[in-house]
Amino acid sequence: NLGYRLPIRANDKLYHAAVVFNTALGGGIHSRLFLNVREKHSLCYYISSQYDPFKGFMFIYSGIDKDRVDLALKVIDEQLLDLQTNKLKEAELNLSKQTLINRFKELEDAQNQSLEALYTRHLLNNKKTLEERIAKIESVTSAEVVEVANLVKKDILYILAPEDNK
């Protein structure tokens, strides 16, 4: 588990860009972490990132072979660095946006999730309709995603591994 500080909260100007950034980094099967750490380098069983806009944190969760942790950390760092220094490719940006839009629409169909999302929006005094939330996601630019990526600071690394029985 890797913990990062991402000082963008739910009502900040860059909030929607932070959500798109997280999705592009590790929020789906199209994400950089999934494609590069898991698929290309076969370094883990699973990998994803999660953004918490209430606390200003982002986490990367992964199941990595304990003998390959250093290489996995290197590849993860490379993915973040690439997002900090290069614009997100148009296809990646569009896939990330579409992933989020599909999740918004799915929430409308799932009663428990819909209720939880409604409660969260109420707590944040967010009265935006589904169409308005989709428009916010669609308006995010690649440059804004890079801006968000440059605010990310690694804070903690936690590795849970069995003890060697030597």
Problem - Any donor-acceptor pair under 3.5 Å from K97 side chain to E138 backbone - result: yes
Exercise for the section: Measure from the side-chain N and O atoms of S49 to the backbone N and O of G26, and report whether any donor-acceptor pair falls under 3.5 Å. Expected result: yes
Practice task
Using atom types as modelled and distance alone, determine if a side-chain donor or acceptor of N36 lies under 3.5 Å from a backbone N or O of R32.
Solution key: yes
Practice task
Using a 4.5 Å cut-off on heavy atoms from C-beta on, say whether the side chain of E144 contacts that of V20.
Solution key: no
Problem - Criterion side-chain contact (heavy atoms from CB on, under 4.5 Å) against L6, the qualifying member of F59, Y51, F57 - result: Y51
Exercise for the section: Using atom types as modelled and distance alone, determine if a side-chain donor or acceptor of S62 lies under 3.5 Å from a backbone N or O of Y46. Expected result: yes
Exercise for the section: Identify whether the distance between the nearest side-chain nitrogen and carboxylate oxygen of E78 and K74 falls below 4.0 Å. Expected result: yes
Problem - Test item: D52 side-chain N/O and K55 main-chain N/O as donor-acceptor pair under 3.5 Å - result: yes
Problem - Donor-acceptor contact below 3.5 Å, side chain N150 vs main chain E147 - result: no
Exercise for the section: Determine yes or no for a side-chain-to-main-chain donor-acceptor pair under 3.5 angstrom, with R38 supplying the side chain and Y45 the backbone. Expected result: yes
Practice task
Any chance you could measure D82, atom CG, to T85, atom OG1, to the nearest 0.5 Å?
Solution key: 5.0 Å
Exercise for the section: Give the cluster check for V37 versus L73: same hydrophobic cluster or not, with ILVMFWY residues linked at side-chain heavy-atom distances below 4.5 Å. Expected result: yes
Problem - Main-chain N/O of A149 paired to Q84 side chain as donor or acceptor, under 3.5 Å - result: yes
Practice task
Begin from the C-alpha positions of S139 and H16 and carry the test side-chain hydrogen bond (donor to acceptor under 3.5 Å, both in side chains) through to its verdict.
Solution key: CA-CA 9 Å; S139 72; H16 293 92; over 6 Å; no
Problem - Pairwise distance CZ(F34) to CD(E39) - rounded to 0.5 angstrom - result: 4.5 Å
Practice task
Check whether any side-chain heavy atom of I60 sits under 4.5 Å from a side-chain heavy atom of N1, and report yes or no.
Solution key: no
